[in-house]
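Input: a single structure, listed below in structure tokens.
Nothing here was measured: the structure is a model prediction, and the numbers come from that model. Keep in mind that the numbers below use all heavy atoms, side chains included, and drop hydrogens, waters and symmetry copies. When a residue number appears, it is its place in the shown sequence, counting from 1.
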Amino acid sequence: MKKNIILGLAVVLMLASCNKDEKILNTLNEYNNTMADKGYHFGDKLELPKEVTENAESISISFGDKETSSLTVDPKFFTLGDNAVTFNIKTKGGKVLNQDATINVFAKNPEKNIAYQIIAEYPHDPKNFVQGFQIEGNTIYESDGQNGSSQILKYTLGTTTPLASTKQAQEDFSEGSTIVGDKVYQLTWQSKKGYVYDKSSLKLLSEFAYPNVLGEGWGLTYDGKNLIASDGSKLLYFLDPADPSKLIKYVAVAGSSQIYDQLNELEYHNGFIYANVWQKPVVLKINPSTGEVVGTFDFTDIASKNTKGSDDVLNGIAFKGDNMLVTGKNWSKIYEVQIK
């Protein structure tokens, strides 16, 4: 009888412990779900519910291969945007509880809506599926995609006749491109390699493999020191132009209330990175040091005149002086806009 009583008490205590553990995890889950929409800013402290903290001997957060016991949102540990983390709670009863969560970190300052006006229009070859787009002097350098018809070409703004062009292999799908000195660098979408051309003749000079962290090639630009690439995620990757297979650093991109991914065609101008968002008539102005989106352009009116399907979207930005050139895939026009 005594053994049965002891066993019964043990079962009761075990059930009570399990219920308490379940309550801790449920409370933490409710808190995380609430904060997922609201988000955090760097320097904020995670104010976990008392149900969690009062029953915990220790709490840590794992993120990738890193772990911290600090509950402050530190840029040394977290990135802007979504952070897939795991909470590790050691209870006062000696158990270890784990719960996955997403910690969204937003920029502190709201993005400015940047106004503009169209001041000129130029012809663009509607056969060109624009992936990379830049101007030097009065010459447009353009990378066009699609398997079997991918190419790099250049032409004079105001015309559509190529001055030079080089086609890619059947299996390549050309993506972003940028000018570095007397060379043009070009990415491919899924071939995991890029090309380097002579700027004058567009003769192929060499090719390079992507660093492993770069899943796909999307956009590409140059800040005067590093190549900056996008792969469709929230990240921008800084690469060594002398060895583009070498990753220098990366930054994550986010605004004050939303995460931006699908970062595509890129342009660097006067200390900022400009990126169009794939499948949206939106161009972001990004602080390259922090990844914070400081401004947005809404090109809905321009895109609506040229986008009839799902592929012919805005996807080309370049700077002509302080004015921006805007075009898209299979568009018949290039627009020059003055930024107000």
What pairs of donor and acceptor atoms, side-chain ones from residues 254-261 against any protein atom, are under 3.5 angstrom apart with sequence neighbours left out?
{"from": "Ser256", "atom 1": "OG", "to": "Glu111", "atom 2": "OE1", "distance (Å)": "2.8"}
{"from": "Gln258", "atom 1": "NE2", "to": "Tyr260", "atom 2": "OH", "distance (Å)": "3.1"}
{"from": "Tyr260", "atom 1": "OH", "to": "Glu111", "atom 2": "OE2", "distance (Å)": "3.0"}

Excluding sequence neighbours, so at least two apart, what forms salt bridge (charged side-chain N to carboxylate O under 4.0 Å, His left out) with [X]?
{"X": "Lys127", "result": "Asp125"}
{"X": "Glu121", "result": "Lys333"}
{"X": "Lys192", "result": "none"}

Worksheet item: Is atom NZ of Lys280 surrounded by more than 12 heavy atoms (other residues, nucleotides or ligands) closer than 6.0 Å?
Response: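 No, NZ of Lys280 has 12 or fewer neighbouring heavy atoms, counting only those of other groups under 6.0 Å.
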Qualifying residues under side-chain hydrogen bond (donor to acceptor under 3.5 Å, both in side chains), relative to [X], sequence neighbours excluded:
{"X": "Tyr197", "value": "Gln168, Gln186"}
{"X": "Thr86", "value": "Asp100"}
{"X": "Glu336", "value": "Tyr122, Asn323"}
{"X": "Asn98", "value": "Asn88"}

Consider only side-chain N and O atoms of [X] and [Y], and report whether a donor and an acceptor are under 3.5 Å apart.
{"X": "Ser177", "Y": "Gln134", "result": "yes"}
{"X": "Tyr40", "Y": "Asn83", "result": "no"}
{"X": "Glu175", "Y": "Trp218", "result": "no"}

Item to complete: Can you run down the salt bridge (Lys or Arg N to Asp or Glu O under 4.0 Å) pairs that involve residues 181-191, sequence neighbours left out, and say none if there aren't any?
Response: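 Not a single pair qualifies under salt bridge (Lys or Arg N to Asp or Glu O under 4.0 Å).
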Worksheet entry | Partners passing side chain to side chain contact (heavy atoms under 4.5 Å, CB included) against Ala242 (at least two apart in sequence or in another chain) |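 Side chain to side chain contact (heavy atoms under 4.5 Å, CB included) list for Ala242, sorted by chain: Asp240.
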Fill in: Residue list, side chain to side chain contact (heavy atoms under 4.5 Å, CB included) with Phe272, at least two apart or on another chain
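With neighbours one apart ignored, the set is Tyr274, Lys285, Val294.
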Practice prompt. Sequence neighbours left out, what pairs pass side chain to side chain donor-acceptor pair (under 3.5 Å) with at least one residue falling in residues 294-304?
Written response: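 Pairs touching residues 294-304 that pass the test: Asn113-Thr296, Asp298-Thr300.
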Fill in: Cluster check Phe42, Val293: I/L/V/M/F/W/Y, side chain < 4.5 angstrom
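Each belongs to a different hydrophobic cluster.
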